**Q** 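Got a structure for you, written out below as structure tokens; questions coming shortly.
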Amino acid sequence: MRHDEAFEWGLSEFDLETFLQEGRFNSKNDPVLIAAQAAGWQFASSSVYSFTKCPCCKEKSILRDAVARKNKTSVLADLLDGDEDALISMLGE
């Protein structure tokens, strides 16, 4: 996700390079976050791995447990702030 999807967001070379190094959004006004949201992504935290909606979500019906999954992602992203390996591991369970 972090190393592939960002190329689809139409970022400047500087923003893309910075994002690939950091893997996080710097603020709610981060141009990378704004570009990702414009492409149909939503995130629960500053981690790119905390996405709660992707572009294909709008083509599919909402999952029965969507609210619970979104809440879980948000809580885990807050608790594991900065530990992306742990976040990925916990979300995969």
Side-chain angles (χ1 to χ4, degrees):
M1 169 73 183
R2 173 180 164 189
H3 298 285
D4 296 324
E5 191 61 32
F7 287 93
E8 305 297 323
W9 297 338
L11 303 172
S12 70
E13 189 173 324
F14 174 78
D15 286 339
L16 179 61
E17 185 176 318
T18 301
F19 179 73
L20 290 175
Q21 289 175 2
E22 296 176 4
R24 303 179 69 75
F25 306 112
N26 295 322
S27 69
K28 293 186 186 240
N29 296 323
D30 187 329
V32 177
L33 176 59
I34 292 168
Q37 290 170 333
W41 292 91
Q42 290 181 7
F43 302 90
S45 75
S46 63
S47 171
V48 71
Y49 297 113
S50 70
F51 64 92
T52 56
K53 184 179 177 190
C54 71
C56 69
C57 291
K58 62 184 170 194
E59 299 173 5
K60 299 185 179 189
S61 61
I62 297 174
L63 299 173
R64 288 177 292 150
D65 63 345
V67 172
R69 294 173 103 188
K70 187 173 184 176
N71 289 339
K72 176 183 176 182
T73 301
S74 182
V75 168
L76 287 173
D78 286 342
L79 289 174
L80 302 170
D81 184 41
D83 189 348
E84 293 183 341
D85 290 332
L87 179 61
I88 293 166
S89 177
M90 296 296 289
L91 291 174
E93 293 180 351

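FYI, the numbering just counts along the sequence from 1. Everything numeric here is computed off the predicted structure, so don't read it as measured data.
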**Q** Is there a continuous path of hydrophobic side-chain contacts, each under 4.5 Å between heavy atoms, that joins Phe14 to Leu33?
**A**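 No, separate clusters.
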**Q** May I ask you to decide if Asp85's main-chain N or O and Ser89's side chain share a donor-acceptor pair within less than 3.5 Å?
**A** no
**Q** Can Ile34 be reached from Phe43 by stepping across I, L, V, M, F, W or Y side chains whose heavy atoms are under 4.5 Å apart?
**A**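 Each belongs to a different hydrophobic cluster.
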**Q** Tell me if the centroids of the rings in Phe25 and Phe19 come within less than 6.0 Å of each other.
**A** yes
**Q** So, do Asp4 and Glu8 sit near enough that their side-chain heavy atoms are less than 4.5 Å apart?
**A**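 Result no, sub-4.5 Å side-chain heavy-atom pair not found.
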**Q** Work out which heavy atom in Ser47 is nearest to a heavy atom in Ser50; give both atom names and the distance.
**A**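 In terms of heavy atoms, the two residues are closest at O-OG, 2.8 Å.
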**Q** Arg24 vs Ser46, test: side chain to side chain donor-acceptor pair (under 3.5 Å). Steps then yes/no.
**A** CA-CA 5 Å; Arg24 303 179 69 75; Ser46 63; 2.7 Å; yes
**Q** Please answer whether the main-chain N or O of Asp15 pairs with a side-chain N or O of Thr18 as donor and acceptor at a distance below 3.5 Å.
**A** no
**Q** Under the 3.5 angstrom rule, does the side chain of Thr73 hit a backbone N or O of Ala44 as a donor-acceptor pair?
**A**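 No, because the side chain of Thr73 does not come within donor-acceptor range (under 3.5 Å) of the backbone of Ala44.
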**Q** Give, for atom CG of Leu76 and atom OG of Ser45, the distance between the pair rounded to the nearest 0.5 Å.
**A** 10.0 Å
**Q** Write down the atom of Lys72, the atom of Met90, and the distance for their closest heavy-atom approach.
**A**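 Of all heavy-atom pairs spanning Lys72 and Met90, the closest is NZ-O, 3.7 Å.
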**Q** Between Pro31 and Leu11, is any pair of side-chain heavy atoms under 4.5 Å apart?
**A** no
**Q** Can you check whether Gln37 reaches Trp41 side chain to side chain, under 4.5 Å on heavy atoms?
**A**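 Sidechains of Trp41 and Gln37: no contact.
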